[in-house]
Amino acid sequence: MSRPVVLSNGSLFVGLNEHGLVHDFYYPYVGLENLTTARSVHHKVGVQVNGVFSWLDDGTWDMSVDFEDDALISKILARSSRLGVTLYFRDFVGHESNVFARKIRVINDSQEHKSIKVFMHQVFQISRAGREDTALFVPEENYILDYKGHISLIIYGRHQNGQPFDQFAIGNYAIEGKEGTFKDAEDGNLEGCPVEHGGVDSVIRFSLELTGGNEEKLEYWVIASDSQSNAVKTHKIVLHVGLDRLLEATKSSWINWLSTGANKIHGVDKKYLSPIKKSLLLIKAHTDQHGGVLASGDSSIYNYGRDYYSYVWPRDGAYAMWPLIRLGYRDEPRKFFEFCRDILQPDGYLMHKYQPDQAVGSTWHPLVHNNHTELAIQEDESAIVLYMLGEYYAHSKDDEFVESMYDVLVKPIADFLVSFRDSSTNLPHPSYDLWEERFLTHTYTTAITYQALLVASELAEVFSYPEDQVRWKNTADELLGNMDVFKHPDGYLRKGFILDKNNNLQFDDTLDTSSLYGSMMFGYHEKGSDILKSTVELLELQLASKVPIGGFPRYTNDSYFRAKADYPGNPWFVTTLWLAQYYLRVKNVDRAVELIDWTLKYALPSGVLSEQVDPENGDIISVAPLVWSQAELINTILDASHLQ
């Protein structure tokens with residue numbers, strides 16, 4: 001499963017699956033409370049033609065699921081040769097109101113008259129247990145109200161002439177042996193049950209009579225609010241304004257947002273314009289109005305994993321902000337840094353991950369390692385936020401904002417990075433790696449810590465804190481002076497090391513793309529150094545060359561969602577694009593473009609990138625979209641455009 005289309009306004013986030021059906025519905029935070037069942041079940045769309053019924057996900061429809069290049073507005077085609085009809089959807093979330101709307105064209109593809117019925121099914125799980133919701137029909141206004149506590153949802157639909165849906169049904173879903181009210185639609189008629197509580201779902205029906213070759217337009221919307229009265233206010237506005245005007249206003253809003261970076265992406269190769277704009281839209285879609293940046297809103301991973309990706313990893317968020325910073329955006333990075341300021345621990349470090357409401361997220365990092373108390377952190381997450389604030393300052397020269405972050409973000413993190421070291425090596429104390437697996441002093445973590453301290457020292461100079469400037473610069477120099485410990489005798493960068501109980505170094509010699517990337521990107525080794533070159537040669541030989549479709553796994557024998565034991569791991573988009581960035585730095589543009597084009601080859605038709613793909617056939621593995629993948633694509637294309 002994947003989300004080839006996501007729609008969002010920073011408060012309401014809707015993910016559509018490969019059948020164009022609602023699968024995720026987050027409100028009022030992007031990524032926090034998923035108001036659908038969030039696993040394998042989704043809202044359904046059904047069509048009956050002359051007595052023959054079909055659901056859009058029953059395998060008989062030809063589907064095209066995409067969204068526009070310059071707006072989060074879907075372009076979905078569903079065609080049934082068996083029924084002789086086509087449905088064309090344009091879906092969006094209102095830019096100023098929490099409305100998920102679908103404009104539907106129903107087209108009779110034959111030359112014969114057809115009696116067509118369209119069914120819109122919705123199944124929300126507002127209460128966590130899925131046993132405490134209420135859905136009821138409100139006859140005066142002809143809508144369905146689904147509510148629990150401080151969340152109210154209004155479901156409504158009408159024909160192009162203003163006539164509302166003609167039938168409805170409300171019932172129980174997945175409790176007491178009941179499959180769901182959607183089954184009531186399959187005979188073409190709905191029983192009209194007006195209320196139900198517990199686990200609930202509902203269906204509404206539109207009846208159409210279409211002569212050969214003709215079409216009719218339908219409008220459908222779901223309004224999310226904190227109360228029924230506020231939902232009704234929004235509903236009345238939508239009834240009055242109409243979806244056409246709302247859609248155009250939403251489209252204009254997205255075009256205006258993209259215009260901030262328009263001048264800087266003007267010079268990229270035309271074949272990359274659509275992917276770069278779509279990636280920007282996907283990053284923005286996953287950015288909550290309170291500053292948190294979701295790793296992914298695709299909840300389907302919960303079917304084969306223990307948790308979602310709907311958390312704010314400080315690392316992922318920082319990388320997601322990087323292309324926005326480069327393109328001149330200010331609002332999103334500032335809110336992200338304010339988010340990080342608010343979640344920072346008193347000792348100056350960031351935890352593993354967070355919910356969009358700033359609560360600490362789940363973790364698998366213990367507080368004990370080898371019988372010693374340890375922080376359950378990944379030090380690189382603190383360092384990358386500090387580094388990215390420096391990037392923001394370099395591109396924006398926003399003195400007032402960055403100075404306001406000095407005492408509450410810059411100094412606490414930098415002081416922590418200085419203190420969180422082992423005296424015997426003067427290098428960072430072990431923590432968990434960026435892949436959230438190994439407890440070591442890592443090449444990658446040391447590299448980003450080194451550069452973060454240089455950034456902090458530069459900011460200290462700008463804002464006249466000379467003592468901080470010297471202390472942080474001296475520590476960075478110490479990290480740089482001890483870099484040779486990460487060099488394997490065979491001439492490549494190892495993953496890292498840990499001190500044993502006798503203070504001896506125990507090396508992890510795993511070949512890892514992050515060791516190359518961290519050292520290259522954060523200046524821990526010079527751009528054209530032999531150690532980087534030899535590491536890349538080994539990565540090509542031991543990783544890329546052993547994957548049938550190409551691309552780079554994270555490291556040798558990566559077991560995370562490993563698809564085939566015969567290969568060193570699944571290729572990831574992030575790591576493949578990192579290698580493209582290396583090749584651009586050493587002016588091997590042909591190889592870099594080859595890797596960029598490989599990335600686009602295995603993207604979904606809508607431009608969505610997953611986390612990883614099958615090494616034999618390129619099928620998506622894990623979540624899609626992964627925001628970090630989209631961000632690295634933009635950064636790599638921007639790097640390539642600067643060499644043209």
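When reading the values below, keep in mind they use all heavy atoms of this one structure, side chains included, and skip hydrogens, waters and symmetry mates.
A donor-acceptor contact under 3.5 angstrom links the side chains of E632 and W628, judged on distance only. Of the N and O atoms on the side chains of W435 and D558, not one donor lies less than 3.5 Å from an acceptor on the other residue. Neither side chain, D512 nor Y492, offers a donor N or O lying under 3.5 Å from an acceptor on the other. Side-chain contact, E332 with W257: a donor N or O sits under 3.5 Å from an acceptor N or O.
The CG atom of L516 sits 9.0 Å away from the CG atom of L511 when rounded to the nearest 0.5 Å.
Because its NZ or CZ atom is not both nearer than 6.0 Å to the ring centre of Y465 and within 45° of the ring axis, K411 does not count as a cation-pi partner of that residue.
In this structure, the ring of H286 has its center less than 6.0 angstrom from the ring center of F13.
Heavy atoms from other residues, nucleotides or ligands lying under 6.0 Å from NZ of K487 number more than 12.
Applying the side chain to side chain contact (heavy atoms under 4.5 Å, CB included) test between Y393 and each of V402, V455, V410 identifies V402 as the sole match.
Judged as a side-chain contact (heavy atoms from CB on, under 4.5 Å), and not counting sequence neighbours, the contacts of D590 are N588.
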Can you list, pair by pair, the side-chain donor-acceptor contacts under 3.5 Å of residues 354-367, counting residues two or more places apart and other chains?
unit_1	atom_1	unit_2	atom_2	d
Y354	OH	I343	O	3.3
Y354	OH	M351	N	2.8
Q355	NE2	D357	OD1	3.1
D357	OD1	A359	N	3.2
Q358	NE2	D342	OD2	3.4
S362	OG	D307	OD2	2.5
S362	OG	Y311	OH	3.3
S362	OG	K353	NZ	3.2
T363	OG1	H352	ND1	2.7
T363	OG1	H365	N	3.1
W364	NE1	E436	O	2.9
H365	NE2	Q378	NE2	3.3

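Pairs of residues two or more places apart, or lying in two chains, that qualify as salt bridge (Lys or Arg N to Asp or Glu O under 4.0 Å) and include a residue from residues 370-385 are R315-D380, R315-E381.
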